[in-house]
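Presented below is the structure to which this report refers.
Remember, it's a predicted structure, so these values are computed and weren't measured experimentally. Along the sequence shown, the residues carry numbers beginning at 1.
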Amino acid sequence: MVGALFVAGLAFAQPRITSFTTDGELTWTNYIYRGFYTVEAGSKPAGPWNTLASVVDSDWARTNRITLQVPVTNTPTFYRVAWMLPDPVGVWDYRGYDNQGTLVLTGQLSIPAITLLTSDPPVVYGVEGSWNLQYAGPPTNAFGWLGPQIGTGSFGGTLESHAADLTLIWPTNVRDNNIRLARDLWSNTYTGQWSYIGFGPISAGTFTATRMPSTNLAGQKLNAREVGNSSDNSE
């Protein structure tokens with residue numbers, strides 16, 4: 001026997017389980033452009049809950065339906081899905097690469113807090129923080145093409161929560177001498193492209209940043225709707 005339990009939840013970024021098949025295929029929908037979800041299981045509707053999987057939906061334009069294969073047992077099990085609000089707060093271990101994939105920058109980004117700019121979808125947060133980066137590339141290379149991203153300084157930017165898109169820009173007070181980082185914030189990982197916008201041609205490369213362990217997210221679910229399915233396949 002397969003049953004379903006749907007529990008009312010929050011209005012924004014609300015996942016909704018739409019089907020659960022007898023072979024363990026769990027499907028839900030959401031209207032976030034790109035999302036990070038956790039799927040949890042418990043033996044009772046009130047828990048306790050154990051995390052089964054983390055799921056990244058990086059292509060909302062393709063479909064807003066997300067499917068996960070969960071284990072099928074003869075024990076009644078309840079499931080819930082939660083959307084995780086992208087959270088950039090913390091200290092990030094940073095690695096920057098040139099357009100050939102060579103490591104050229106190492107250091108840290110620090111984001112102490114964010115500020116809500118607009119609560120109407122798409123929800124946008126303001127971001128401020130500081131950077132401390134060192135050159136790590138080949139010793140024979142001139143690094144002027146990297147622009148002002150060696151040393152220390154501050155940055156500002158925005159987080160578009162519906163797209164998990166974090167954009168950082170520094171220095172914020174010079175029009176033609178800016179560094180821009182942009183793209184995907186997934187849980188404790190921030191990846192994308194850096195670009196140097198100066199007086200000459202734009203320089204660019206890729207970057208990865210990992211949240212330092214002391215500031216890692218501890219499974220905090222924000223703006224998430226609890227939903228669940230119960231499965232009992234015993235005869």
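A donor-acceptor pair under 3.5 Å links the side-chain atoms of Gln69 to the main chain of Asp23, judged by distance alone. Judged purely by atom type and a 3.5 angstrom limit, Arg211 uses its side chain to pair as donor or acceptor with the backbone of Val89.
Residues Ser110 and Trp131 form no side-chain contact, since every pair of their non-hydrogen atoms from C-beta on lies 4.5 Å or further apart. Here the side chains of Tyr125 and Leu85 are in contact, with some heavy-atom distance below 4.5 Å. The shortest distance between side-chain heavy atoms of Arg65 and Thr67 does not fall below 4.5 Å. Contact of the Ile111 side chain with the Trp92 side chain is registered, since non-hydrogen atoms from C-beta on lie closer than 4.5 Å. The side-chain heavy atoms of Thr38 and Trp83, taken from C-beta on, include no pair separated by under 4.5 Å. Contact of the Ile66 side chain with the Thr29 side chain is not registered, since no non-hydrogen atoms from C-beta on lie closer than 4.5 Å. Looking at Trp194 and Tyr94, their side chains come closer than 4.5 Å, going by heavy atoms from C-beta outward. Between Val127 and Leu168, the closest side-chain pair of non-hydrogen atoms falls below 4.5 Å.
Ring geometry for Phe143 versus Tyr135: interplanar angle of 30 to 60°, hence tilted.
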Full working for side-chain contact (heavy atoms from CB on, under 4.5 Å) between Val123 and His162
CA-CA 7 Å; Val123 175; His162 69 295; over 6 Å; no

Does Phe155 form a side-chain contact (heavy atoms from CB on, under 4.5 Å) with Ile169? I'd like the steps, not just the answer.
CA-CA 5 Å; Phe155 56 71; Ile169 299 176; over 6 Å; no

Determine, stepwise, if the pair Leu26 / Val39 fulfils side-chain contact (heavy atoms from CB on, under 4.5 Å).
CA-CA 10 Å; Leu26 180 69; Val39 179; 3.9 Å; yes

Between Ser54 and Phe36, does a side-chain contact (heavy atoms from CB on, under 4.5 Å) hold up when you go through it step by step?
CA-CA 7 Å; Ser54 296; Phe36 183 83; 3.7 Å; yes

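Taking OG1 from Thr158 and CD1 from Ile114, the interatomic distance works out to 11.0 Å, rounded to the nearest 0.5 Å. Going from atom CG of Asp93 over to atom CE of Met212 covers 5.5 Å, rounded to the nearest 0.5 Å. Atom-to-atom distance recorded for Asp87:CG and Ser161:OG is 11.5 Å, nearest 0.5 angstrom.
In terms of heavy atoms, Thr77 sits closest to Thr75 at OG1-O, 3.0 Å. A pairwise comparison of heavy atoms in Pro86 and Leu159 identifies O-CD2, 3.3 Å as the closest pair. Nearest heavy atoms, Thr102 versus Pro138: CG2-CD, 4.1 Å. Looking at every heavy atom in both residues, Ser119 comes nearest to Leu116 through CB-CD2, 4.1 Å. Of all heavy-atom pairs between Glu40 and Arg80, the closest is OE1-NE, 2.6 Å. Of all non-hydrogen atoms in Thr167 and Ala182, the two that sit nearest each other are OG1-CB, 3.9 Å.
Here Tyr97 and Phe207 keep their ring centres 6.0 angstrom or further from each other. The aromatic ring centres of Trp28 and Tyr37 sit less than 6.0 Å apart.
One hydrophobic cluster holds both Val55 and Leu52 under the rule that ILVMFWY side chains link at heavy-atom gaps under 4.5 Å. When hydrophobic clusters are built by joining Ile, Leu, Val, Met, Phe, Trp and Tyr residues whose side-chain heavy atoms come closer than 4.5 Å, directly or via intermediates, Ile179 is not grouped with Ile197. Criterion: ILVMFWY side-chain heavy atoms under 4.5 Å apart, direct or through other members. Under it, Leu166 and Val124 are not part of a common hydrophobic cluster. Under the 4.5 Å side-chain heavy-atom criterion for Ile, Leu, Val, Met, Phe, Trp and Tyr, Leu181 and Ile202 are members of distinct hydrophobic clusters.
Partners of Gln108 by side chain to side chain donor-acceptor pair (under 3.5 Å), not counting sequence neighbours: none found. For Arg180, there are no side chain to side chain donor-acceptor pair (under 3.5 Å) partners two or more places apart in sequence or in a different chain.
Remark: the Ser154 side chain and the Ser130 side chain contain no N/O donor-acceptor pair separated by less than 3.5 Å. Donor-acceptor pairing under 3.5 Å is lacking for the side chains of Asn178 and Tyr196.
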Could you go through residues 145-153 and list every donor-acceptor pair under 3.5 Å that involves a side-chain atom there, pairing it with any protein atom two or more places apart or in another chain?
unit_1: Trp145; atom_1: NE1; unit_2: Ala142; atom_2: O; d: 2.9
unit_1: Gln149; atom_1: NE2; unit_2: Leu146; atom_2: O; d: 2.9

